[in-house]
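Here's the structure, in structure tokens; my notes come after.
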Amino acid sequence: MQGFNKYYPPDYDPSQGSLNKARGKRSGKHALGDRARKLDQGILITRFELPFNIWCDTCHNHIGMGVRYNAEKKKIGAYYSTPIFSFRCKCHLCDGWFEIQTDPKNTRYVVVSGARQKDENWDPEENGGFAVHGKIIDTERADAPLDPLVALEKKAVASKNMNEVQIPRLESLQSISEQYNADPYSLSLKARKQFRLEKKVEQSKRKADDLIKDRYGLPTSLSLLEDDDEMVQEAKQKWMKGKEEIQRNQNLRDLRPRRLAMDRLSIPTPSSRRIVSQSKEQTLASLKARILVNTARKSYSFGGGQPIS
Ligand SMILES: [Zn+2]
């Protein structure tokens, strides 16, 4: 039997260990007595009181809450640092065993096997309240029941955002809008003046462009690039280059006539003869084509039949 009182035997020596150990040593048994007989399997026999009504699965009898059993208590795991205990009890009405475990996550007991729990838990959610105990509250899920405190916090954040961000922004926008709408006449005057100036520049540009297009016979739909200093410089350089080239060619041509005169005296080469014959053939072909077209036109207008191709 466990020592419940504060009796210390006269020969008790605290340096030799606890009081329980000293008692065990003296009697040759474990200090916890018969309850410790399965301690080598990790089982301690304790008194366990049913926390709820159950039905035994073996004899199907109803066993009321508060009935006590000598249960085999065993640590079977841990939820974080909290141990999970299993209590294995033998039904007092039959030979069946049932097992109940602690559930630290939800702070409750769970019937694991051998019996069925009578569900008598008050569900506040079902009765128009908020789920606080006995239900896993998952605020991450969209369909999770709304925690009133979370809702309140959200509301506070929203109102803070409204006061510190939204309202000042709206006010600044309003003041800008008021500034613009205060004197529409003068603003319009300014805008139109600006437009007129731009229009004048645009028109003068278009006139210059049209002049260039007229001079070089360019299509009117062609849009010309805008002039700038760099482009003018570039064009000038190109023009100078072209001029120099022309000058060079001119000089070469001045040297050539003598050579050309020599060529004329010589016998025509076969290549030049071929060019002549080619041109003859070409004129013949074009003549033929013209005659054919004319005859076709005539026959079409008089006979009304199919044009001869
Ligand atoms: Zn039973």
Side-chain angles (χ1 to χ4, degrees), residues 1-9 17-141 143-148:
M1 189 57 197
Q2 194 172 349
F4 288 117
N5 55 29
K6 290 184 174 152
Y7 174 73
Y8 288 85
S18 69
L19 188 60
N20 279 341
K21 211 171 172 185
R23 280 162 161 271
K25 240 183 221 172
R26 194 152 28 137
S27 62
K29 279 190 194 166
H30 191 275
L32 296 175
D34 207 27
R35 296 191 181 279
R37 65 177 183 272
K38 290 184 179 173
L39 216 57
D40 55 330
Q41 302 167 48
I43 294 169
L44 178 71
I45 292 161
T46 57
R47 202 74 176 143
F48 178 73
E49 183 176 315
L50 280 184
F52 34 66
N53 293 310
I54 60 165
W55 284 284
C56 174
D57 267 358
T58 318
C59 63
H60 301 289
N61 276 314
H62 177 266
I63 305 166
M65 181 168 70
V67 177
R68 294 176 187 180
Y69 292 94
N70 290 322
E72 296 181 353
K73 181 182 172 184
K74 193 178 178 184
K75 189 188 167 189
I76 53 157
Y79 173 71
Y80 294 103
S81 64
T82 309
I84 298 171
F85 291 111
S86 127
F87 298 91
R88 198 161 161 270
C89 317
K90 190 190 155 289
C91 176
H92 66 290
L93 300 168
C94 69
D95 286 335
W97 290 80
F98 57 86
E99 193 178 333
I100 292 171
Q101 283 182 6
T102 58
D103 180 10
K105 190 178 180 183
N106 300 309
T107 59
R108 53 161 57 177
Y109 289 97
V110 188
V111 180
V112 180
S113 62
R116 192 158 44 88
Q117 183 188 345
K118 187 175 180 187
D119 190 10
E120 286 175 314
N121 284 337
W122 167 258
D123 187 356
E125 209 181 347
E126 229 172 57
N127 297 285
F130 294 104
V132 181
H133 290 294
K135 266 233 156 155
I136 303 154
I137 297 167
D138 191 356
T139 45
E140 298 295 311
R141 269 168 45 207
D143 59 337
L146 202 62
D147 185 333

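Throughout, residue positions are numbered sequentially from 1 according to the sequence presented. Counting convention: from 1, in listed order, for ligands and their atoms alike. Since we're looking at a predicted model, the values are computed, not measured. The basis for the numbers below is simple: all heavy atoms, side chains too, and nothing from hydrogens, waters or symmetry mates.
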Results of side chain to side chain donor-acceptor pair (under 3.5 Å) for Tyr109 - residues two or more places apart only | none

Just wondering, are more than 12 heavy atoms of other shown residues or ligands nearer than 6.0 Å to CZ in Arg68?
-> no

Near the Zn ion (ligand 1) (cut-off under 2.8 Å), count of protein N, O or S atoms = 4

Please tabulate, for the side chains in residues 85-98, all donor-acceptor contacts under 3.5 angstrom to protein atoms that are two or more places apart in sequence or on a different chain.
residue: Ser86; atom: OG; partner: Glu99; partner atom: OE2; Å: 3.0
residue: Arg88; atom: NH1; partner: Glu72; partner atom: OE1; Å: 3.3
residue: Lys90; atom: NZ; partner: Cys94; partner atom: O; Å: 3.2
residue: His92; atom: ND1; partner: Tyr69; partner atom: OH; Å: 2.8

Of all pairs that satisfy salt bridge (charged side-chain N to carboxylate O under 4.0 Å, His left out), the ones with a partner from residues 54-65, not counting sequence neighbours = none

Student check: side-chain heavy atoms of Leu19 and Pro9 closer than 4.5 Å = yes

Provide the closest heavy-atom pair for Leu44 versus Arg35 in the form atom of the first, atom of the second, distance.
-> CD1-O, 3.6 Å

